[in-house]
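Worksheet: one structure, shown below.
Position 1 is the first residue of the sequence; numbering continues from there. For clarity, every value in this text was computed on a predicted model and none was experimentally measured.
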Amino acid sequence: MVTIKDIAKKLGISISTVSKGLNGASDISADTRQLVLDTALEMGYIGKRTKNSLSKHVCIVILHLPYSNIDEYGYELISGFCLAATENNYMVSMVSIDDLQKAHKNYDTAMEMLGYHGAFFVGLTKDDAYLEQLQSTKIPTILFEEPVQNPCVGTIGVNVAEGIQQCVSYLHEQGHRRIAFINGLNNCAAANMRMEGYRRGLDLVGLPFEERLTGSALFYPPVSVKDFIPVFLEEKATAIVCGNDYIAAAALSELMQRGLRVPTDISITGFDDNPVAKYLSPPLTTINENRLGIGRTALIMLDNLTRNGCTGVMLTHPKLIVRKSTGKYVSQRY
């Protein structure tokens, strides 16, 4: 059985560094964290295996989200799920929604034909195939962020409304009163929750909601961000809350091209705490989700469903990470 010590020996690093990598610690580099996770999965690390000896085969269906390396959003979600799967005697396969549909247009039939006992969907939106069928499926299924009213389907995600609200409250504490918001596209539950958090955050600090201080952009790539910046500047925004770190990075770039300084002239917050966030100039204030932990918990929820257990919606608490892209409001500088 592969141990943390075996991984450390193979990589030539300390046991404590391996432990940090397996638990998503942020005080080691992103490259080291990815190296540890990749090696653990490659070597078949199983951690503390449960007593269940029955192996089951489940699949991960990932849509609209990159996941090939630790800089991409889906990587730690998938790694956490796979590590927990190994510990609980599950085999995991990555499949596309096209693969399922080629097997059969009916979700339940496709899963049975391919021999999967359950599935974890990541990146599902309201426009995707199978979403309607998941309302009545009998296959144990966990969805990331998109809720479905079905006792055979559970949902896990971060409380994104709480995270956006934290950003608004923090910026208000720093003296900002003109706080703009760039959301993702409104084709998923998470985008609606982000807007809810923005509105609630404004309301709690006594600021009015203004349509011209809001926008929505593709997460990957956030090309339309440049269209909102001129409007925000005309409206005298002193801070911009962004729906994810990629949007925030695009906003930073656009502001700098216009000769504005962050945070001297305007403050920026992101969301997700992707590894790139700390390496931007300036490093990005953002919201940490602990995606590795969410991936692990998704497997535990799926395991519970496969045992005829009951589960519903689980939202984890986000954490505000303050870096140098935000500062106190002094006076209008542009």
Side-chain angles (χ1 to χ4, degrees), residues 20-26 28-42 59-85 92-99 119-125 128 142-146 156-158 160 163 182-185 187-188 190-191 194 217-225 242-253 269-281 283-299 316 318-319 321 323:
K20 288 179 179 181
L22 292 172
N23 289 285
S26 60
I28 62 173
S29 72
D31 288 343
T32 300
R33 213 158 73 237
Q34 176 170 351
L35 183 62
V36 168
L37 291 170
D38 286 347
T39 304
L41 292 170
E42 178 188 333
C59 65
I60 300 173
V61 186
I62 191 162
L63 308 94
H64 315 302
L65 286 178
Y67 63 93
S68 61
N69 64 69
I70 202 164
D71 290 325
E72 297 178 329
Y73 186 89
Y75 177 85
E76 288 187 297
L77 280 173
I78 302 306
S79 295
F81 186 89
C82 290
L83 286 170
V92 181
S93 295
M94 296 288 296
V95 300
S96 69
I97 203 162
D98 290 338
D99 292 335
F120 177 37
F121 278 77
V122 179
L124 192 70
T125 71
D128 286 317
I142 300 297
L143 307 181
F144 179 61
E145 292 186 334
E146 196 69 31
I156 187 166
V158 67
V160 293
I182 308 179
N183 197 2
L185 296 183
N187 62 347
C188 62
R194 287 185 180 91
L218 277 172
F219 279 168
Y220 316 104
V223 291
S224 58
V225 168
C242 298
N244 77 355
D245 293 341
Y246 298 108
I247 290 176
L252 273 170
S253 176
T269 67
F271 202 109
D272 296 335
D273 198 19
N274 285 309
V276 69
K278 67 175 68 174
Y279 300 116
L280 293 174
S281 180
L284 186 64
T285 293
T286 187
I287 296 291
N288 182 275
E289 298 177 298
N290 186 14
R291 290 188 295 279
L292 197 64
I294 289 174
R296 283 182 173 275
T297 304
L299 185 282
T316 62
K319 180 181 179 182
I321 306 296
R323 298 193 180 104

Might you work through the side-chain contact (heavy atoms from CB on, under 4.5 Å) test for Leu63 and Thr125, ending with a clear yes or no? CA-CA 9 Å; Leu63 308 94; Thr125 71; over 6 Å; no

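At a cut-off of 3.5 Å, with distance as the only test, no side-chain donor of Asn274 or Tyr279 sits close to an acceptor on the other residue.
Contact record, Pro318 with Ile287: CB-CG2, 3.4 Å, taken as the closest heavy-atom pair. Between Asp272 and Thr286, the shortest heavy-atom distance links the atoms N-OG1, 3.5 Å. The heavy-atom pair separating Gly157 from Ile294 by the smallest distance is C-CD1, 4.4 Å. Closest heavy-atom contact between Ala191 and Gly184: CB-O, 4.2 Å. Between Leu22 and Ala40 the shortest heavy-atom distance is CD2-CB, 3.7 Å. Contact record, Ala277 with Asp245: CB-OD2, 3.8 Å, taken as the closest heavy-atom pair.
Under the 4.5 Å side-chain criterion, counting only non-hydrogen atoms from C-beta, Phe144 is not in contact with Ile62. Side-chain contact between Arg33 and Pro275 is present, with at least one heavy-atom pair separated by less than 4.5 Å. In this structure, Leu37 and Leu83 have side chains that are in contact, with non-hydrogen atoms separated by less than 4.5 Å.
Under the salt bridge (charged side-chain N to carboxylate O under 4.0 Å, His left out) criterion, Asp273 pairs with Arg323, not counting sequence neighbours. The ring pair (Phe, Tyr, Trp, His ring centres under 6.0 Å) search around Phe81 returns Phe120, not counting sequence neighbours. Not counting sequence neighbours, the partners of Thr285 by the side chain to side chain donor-acceptor pair (under 3.5 Å) test are Thr326. Considering only residues two or more places apart in sequence or on other chains, Glu146 meets the salt bridge (charged side-chain N to carboxylate O under 4.0 Å, His left out) condition with Lys126. Among residues two or more places apart in sequence or in another chain, the side chain to side chain donor-acceptor pair (under 3.5 Å) test is passed with Glu289 by Tyr73, Arg291. Evaluation of the salt bridge (charged side-chain N to carboxylate O under 4.0 Å, His left out) rule for Lys278 yields no partner, not counting sequence neighbours.
The SG atom of Cys242 lies 7.5 Å from the CG atom of Leu252; values are rounded to the nearest 0.5 Å. The CZ atom of Arg296 sits 11.5 Å away from atom CD of Glu76, with the distance rounded to the nearest 0.5 Å. If you take OG1 on Thr297 and CG on Leu292, they are separated by 9.5 Å, rounding to the nearest 0.5 Å. With values rounded to the nearest 0.5 angstrom, Leu77 atom CG is found 11.0 Å from Cys82 atom SG. Atom CD1 of Ile142 sits about 12.5 Å away from atom CD1 of Ile60, to the nearest 0.5 Å. In this structure, CZ in Phe271 is found 15.0 Å from CD1 in Ile182, a value given to the nearest 0.5 Å.
Side chain of Asp38 to backbone of Leu35: no donor-acceptor contact under 3.5 angstrom is found.
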